[in-house]
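All values derive from a computational prediction rather than experimental measurement.
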Amino acid sequence: MQQTIHLENALAEIHLFDAGTGVKEYHVMIHVDAPTLTFALQLQAVENAYRQLLSEQLKGCVAAFKRYFVSDATNQIELIRESEPGDAAWAVIQQPPLDGTKLALWVYLLTGVERRFTESGLEEISHGGYRHLWLCGANSQQQGSHAETTEILNSYVERLRQEGLTLERNCIRTWFFVNDVDNHYAGMVRARNEVFDEQQLTADTHFIASTGIGGRQADPAREVMMDAYAIDGIRREQVHYLYAASHLNRTSEYGVRFERGTYVDYGFRRKIFISGTASINNKGEIMYRGDIRRQTARMLENVETLLSEAGASFEDVEVMVVYLRDMADYTVVKQIYDERFPDKPRVFVNAPVCRPGWLIEMECQADKKISTEYPAL
């Protein structure tokens, strides 16, 4: 079920998935509806909208994850820290919304679950036999994208170890935000490859669904930030990897290591995580250089093929994040999405993709009702 709610100086796009197990899942994208307001007033509008939703449409929900997309992280972070209620794992990334506002907020919420922070510093959302563990805004004081990424990942591996988990067995999704991605992405990739080797993540086993994208954190000297999601209680056979070999190649063929997509089966639902996906073919080549319309079409075709491999379609998508290198392409891309996906919660942000020739990238999450012998979420 999808719903758009107009609030004071804000707009909320809501997607509800209910498999009938007692756990309902909501993805909410809150946008500012008054771009001429100061940042303080725009933030107030978003926070007021969030509180109103929690008392009405989202009453009884527990927030698991929040991401603030902002226009100037360095100057805006303190106001966010002051107003953030701390009711979920949260992060701030400088990826300016392309609707002319200073921020947007993505929130993932559930009903019927328990929330706590573990001693390892991960946020835990638990229900039944599963623990869902979130880490947001992980960074490092090292110098350079390689050293920062190495420390971030090794620290995360240690946090998982404290929970009795491993990167290879339990991590489902990561996001890497790289400041000046054109220059610093290679260092992040090299460090990730090295840590994956140490943790036995190979092309013969599997990698992790991921987005690696341009984005700056509040400290301009820091080059890499990571968010991550892991699950305790899943069996290996519950986790599946998506390849869409007719349209895409294995990322390891061109030196990087992530899965194109991953899905996890529970008793009555299939959760699908589509990695950052661009206009690429199954030889790893950029398709339609310089043509935003054709790149968008090919990107959507790639995502659709990945979803199809999971037995799903765009009808099952709950939330989308769309990254544009050139903000001048926003009007064209928004028109395409408005025509094809008029009601999907989504946000368009200014964030360079990891190869300069890619003008656009998107990620999404989807849920589909199924029936298996695995324990329900």
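- No more than 12 heavy atoms of other residues, nucleotides or ligands lie within 6.0 Å of CD in E315, so this atom counts as exposed by the packing criterion.
- Within 6.0 Å of CD on Q143 lie no more than 12 heavy atoms contributed by other residues, nucleotides or ligands.
- Closest of all the heavy-atom pairs between R216 and I93 is O-CD1, 3.5 Å.
- When ring centroids are compared, F65 and W106 come within the 6.0 Å threshold.
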* Asked: Are S140 and E151 close enough, and set up right, to give a side chain to side chain donor-acceptor pair (under 3.5 Å), and what steps lead you there?
  -> CA-CA 6 Å; S140 165; E151 184 171 83; 2.6 Å; yes

* To do: Applying side chain to side chain contact (heavy atoms under 4.5 Å, CB included), run through V195 and T149 and close with a yes or a no.
  => CA-CA 9 Å; V195 174; T149 304; over 6 Å; no

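- Panel note: side chain S308, backbone E304; no donor-acceptor pair is recorded below 3.5 Å.
- No cation-pi contact links R269 to F17, judged by a cut-off of 6.0 Å to the six-membered ring centre and 45° from its axis.
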* To do: Check the pair D182, R325 against side chain to side chain contact (heavy atoms under 4.5 Å, CB included), reporting the backbone distance first and the verdict last.
  => CA-CA 11 Å; D182 292 341; R325 172 174 282 269; 2.8 Å; yes

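- Using a 4.0 Å cut-off between charged nitrogen and carboxylate oxygen, R346 and D338 count as a salt-bridge pair.
- The pair R115-D87 does not meet the salt-bridge criterion, since no charged nitrogen lies less than 4.0 angstrom from a carboxylate oxygen.
- Looking only at distances, no side-chain donor or acceptor of N139 sits under 3.5 Å from a matching main-chain atom of M226.
- Clustering ILVMFWY residues whenever any of their side-chain heavy atoms sit less than 4.5 angstrom apart, transitively, puts V264 in the very cluster that holds L133.
- When each of K24, R270, K271 is paired with D367, the salt bridge (charged side-chain N to carboxylate O under 4.0 Å, His left out) condition holds for K271 and for no other.
- In plain terms, the two heavy atoms of L324 and Y330 that are nearest each other are CD1-CA, 3.7 Å.
- Looking at every heavy atom in both residues, A221 comes nearest to E148 through O-OE2, 4.0 Å.
- Of the candidates E124, E123, E114, E124 is the only one forming a salt bridge (charged side-chain N to carboxylate O under 4.0 Å, His left out) with R131.
- A donor-acceptor pair shorter than 3.5 Å cannot be found between the side chains of Q365 and Y108.
- In plain terms, the two heavy atoms of T211 and G276 that are nearest each other are OG1-N, 3.2 Å.
- Salt bridge R298/D291: absent, no basic N to carboxylate O contact under 4.0 Å.
- Both L307 and Y243 sit in one connected hydrophobic cluster of ILVMFWY residues. Membership requires side-chain heavy atoms under 4.5 Å apart, directly or through other members.
- When only modelled atom types and interatomic distance are considered, R51 and N48 share a side-chain donor-acceptor pair under 3.5 Å.
- Using a distance-only test at 3.5 Å, with no hydrogens or angles considered, a donor-acceptor pair links the side chain of K344 to the main chain of V317.
- Checked by atom type and distance alone, the side chain of Q295 never pairs as donor or acceptor with a backbone atom of S279 at under 3.5 Å.
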* To do: Apply side chain to side chain contact (heavy atoms under 4.5 Å, CB included) to T372 and Y266, showing your working.
  => CA-CA 7 Å; T372 76; Y266 299 96; 6.0 Å; no

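- Note that R355 lies in the cation-pi zone of Y254, set by a 6.0 Å cut-off to the ring centre and a 45° limit from the axis.
- Atom CD of E158 is surrounded by more than 12 heavy atoms from other residues, nucleotides or ligands within 6.0 Å.
- Heavy-atom neighbours of F39 CZ from other residues, nucleotides or ligands within 6.0 Å: above the threshold of 12.
- A side-chain donor-acceptor contact under 3.5 Å links H184 to the backbone of N179.
- For the atom pair CD1 of I5 and CG of L11, the computed distance is 9.0 Å after rounding to the nearest 0.5 Å.
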* side chain to side chain donor-acceptor pair (under 3.5 Å) evaluation trace for T118 with E163 -> CA-CA 8 Å; T118 68; E163 300 297 328; 3.0 Å; yes

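- With respect to H240, the ring-ring contact (aromatic ring centres under 6.0 Å, His included) criterion is satisfied by exactly one of Y374, Y263, F273: Y263.
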* Report the C-alpha separation of Q95 and Y323 in whole Å, then their side-chain angles, then the decisive distance to 0.1 Å, and conclude whether the side chain to side chain contact (heavy atoms under 4.5 Å, CB included) test is met. => CA-CA 9 Å; Q95 291 177 332; Y323 305 99; 3.6 Å; yes

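- Here the closest heavy-atom approach between residue I274 and residue E363 is recorded as O-CB, 3.5 Å.
- The closest side-chain donor-acceptor pair between D204 and T202, if any, does not fall under 3.5 angstrom.
- Remark: E8 CD is loosely packed, at most 12 non-hydrogen atoms of other residues, nucleotides or ligands lying under 6.0 Å away.
- A salt bridge links E78 with R81: at least one charged nitrogen is closer than 4.0 Å to a carboxylate oxygen.
- Of all heavy-atom pairs spanning T277 and M299, the tightest one is O-CG, 3.2 Å.
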